[in-house]
Visitor: 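Mind looking over this structure? Questions follow.
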Amino acid sequence: MTIIEHLRQYFLTCTVFSGKRLDIDCLTSDVESYSIDSVPTQRVLQRYIDGATVRRQLFTISSRAYYGPDLKQQRENIELFEDLEDWLDEQNALGLLPSLGDKRRARSLNVLSSAYPIDVEDGDQGSTARYQIQFELIYLQEV
């Protein structure tokens, strides 16, 4: 299983995604769609003599939501991500980091950016926006 698949499984335990589908690298144009997406980065941060490495994985979690002048809708769009950040803070405080399979151990999982709209589309049912938040996973890759 890939790192991003392990992260997907981890985030699906968050109540924010209860009963929702979380795709991988594929945010559809449907409102209330969600995706966890890999972000290009330098992966290896440190190499040890025994061949083990400290690595990082950057990724975003995105959603598609209605977008416009309605203040209630604007608040709800950001609230989902604030709830996700709060959940991750709780998981970190409890030491509950994602399982990454054999020979990989998570060291930290942190939010790098708050949620923001990145792309707005006008459609038949009104405007929608892609909102996203960026994360960084640091992990040990054993030999």
Visitor: Show your working on side-chain contact (heavy atoms from CB on, under 4.5 Å) between Ile138 and Arg55 and close with a plain yes or no.
Guide: CA-CA 6 Å; Ile138 303 293; Arg55 297 176 179 230; over 6 Å; no

Visitor: Between the side chains of Arg56 and Thr41, does any donor sit under 3.5 Å from an acceptor?
Guide: yes

Visitor: Might you work through the side-chain contact (heavy atoms from CB on, under 4.5 Å) test for Leu88 and Phe135, ending with a clear yes or no?
Guide: CA-CA 10 Å; Leu88 185 57; Phe135 298 88; 3.6 Å; yes

Visitor: How long is the straight-line distance from CD of Glu90 back to SG of Cys14, given to the nearest 0.5 Å?
Guide: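 Answer for the SG-CD pair, Cys14 versus Glu90, is 9.0 Å.
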
Visitor: Under a 3.5 Å distance rule, please check whether Glu5 uses its side chain to pair with a backbone N or O of Thr2 as donor and acceptor.
Guide: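 Looks like yes, one N/O pair under 3.5 Å.
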
Visitor: Are any of the side-chain nitrogens in Arg130 or Asp37 under 4.0 Å away from the carboxylate oxygens of its partner?
Guide: yes

Visitor: To the nearest 0.5 Å, how far apart are CD in Glu79 and CG in Asp86?
Guide: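 Glu79 atom CD to Asp86 atom CG measures 10.0 Å (nearest 0.5 Å).
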
Visitor: Nearest 0.5 angstrom please: Arg43 CZ to Gln141 CD, how far?
Guide: 8.5 Å

Visitor: If you compare all heavy atoms of Val54 against all heavy atoms of Tyr48, which two are closest, and at what distance to 0.1 Å?
Guide: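 In this case the closest contact between Val54 and Tyr48 is CG2-OH, 3.4 Å.
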
Visitor: So, taking the atom named CD in Gln132 and the one named OG in Ser63, what distance separates them when rounded to the nearest 0.5 Å?
Guide: 9.5 Å

Visitor: May I ask whether Ile118 and Ile24 are part of the same hydrophobic cluster, defined by side-chain heavy atoms of I, L, V, M, F, W, Y residues being less than 4.5 angstrom apart, directly or through others?
Guide: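 Ile118 does not cluster with Ile24.
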
Visitor: Does a sphere of radius 6.0 Å around OH in Tyr67 hold more than 12 heavy atoms from other residues, nucleotides or ligands, not counting ones at 6.0 Å or beyond?
Guide: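 No, because the 6.0 Å sphere around OH of Tyr67 holds 12 heavy atoms or fewer from other groups.
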
Visitor: What's the separation between atom OH in Tyr139 and atom CD in Gln57, rounded to the nearest 0.5 Å?
Guide: 6.0 Å

Visitor: Above 12 or not: heavy atoms from other molecules or residues under 6.0 Å from CD of Gln73?
Guide: yes

Visitor: Can you name the nearest heavy-atom pair linking Leu97 to Ala106, along with the distance?
Guide: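 Closest approach of Leu97 to Ala106, heavy atoms only: CD1-O, 3.6 Å.
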
Visitor: With side-chain contact (heavy atoms from CB on, under 4.5 Å) as the test, would you mind laying out the steps for Ile4 and Phe59 before giving the verdict?
Guide: CA-CA 8 Å; Ile4 205 76; Phe59 63 98; 3.9 Å; yes

Visitor: Under 4.5 Å between side-chain heavy atoms, hopping through other hydrophobics if needed: is there a path connecting Val39 to Ile133?
Guide: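 In one cluster: no.
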
Visitor: Under the 3.5 angstrom rule, does the side chain of Arg104 hit a backbone N or O of Leu100 as a donor-acceptor pair?
Guide: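 Yes.
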
Visitor: Consider side chain to side chain contact (heavy atoms under 4.5 Å, CB included). Of Asp119, Ile78, Leu80, which one does Tyr131 pass it with?
Guide: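 Exactly one candidate clears the test, Ile78.
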
Visitor: Using 0.5 Å steps for rounding, measure from the OG1 atom of Thr53 to the CZ atom of Arg47.
Guide: 6.5 Å

Visitor: Determine whether Leu27 and Leu84 fall in the same hydrophobic cluster, where Ile, Leu, Val, Met, Phe, Trp and Tyr are linked whenever their side-chain heavy atoms lie under 4.5 Å apart.
Guide: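 Not linked; separate clusters.
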
Visitor: Where is the tightest heavy-atom contact between Leu109 and Asn92, given as atom of each residue plus distance?
Guide: O-ND2, 3.0 Å

Visitor: Check whether Leu58 and Ile3 end up in the same hydrophobic cluster, where Ile, Leu, Val, Met, Phe, Trp and Tyr are linked by side-chain heavy atoms less than 4.5 Å apart.
Guide: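 No, Leu58 does not connect to Ile3 through the hydrophobic network.
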
Visitor: Do the rings of Trp87 and Phe11 sit parallel, tilted or perpendicular, given the 30° and 60° boundaries?
Guide: tilted

Visitor: Give the minimum heavy-atom separation between Glu142 and Ala52, together with the two atoms involved.
Guide: CA-CB, 4.2 Å

Visitor: Do the side chains of Arg21 and Asp23 get close enough for a salt bridge, i.e. N-O under 4.0 angstrom?
Guide: yes

Visitor: What verdict does the side-chain contact (heavy atoms from CB on, under 4.5 Å) test give for His6 and Gln9, after you've listed the backbone C-alpha separation in whole Å, the side-chain angles of each residue and the deciding distance to 0.1 Å?
Guide: CA-CA 5 Å; His6 283 287; Gln9 292 300 315; 5.8 Å; no

Visitor: Where is the tightest heavy-atom contact between Leu137 and Pro98, given as atom of each residue plus distance?
Guide: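 So the minimum-distance heavy-atom pair works out to CD1-CG, 4.4 Å.
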
Visitor: Under 3.5 Å, side chain of Ser35 to main-chain N/O of Ser62, donor-acceptor pair present?
Guide: no

Visitor: Taking all heavy atoms of Lys20 and all of Tyr34, pick out the closest pair and write down the distance.
Guide: CD-CE1, 3.4 Å

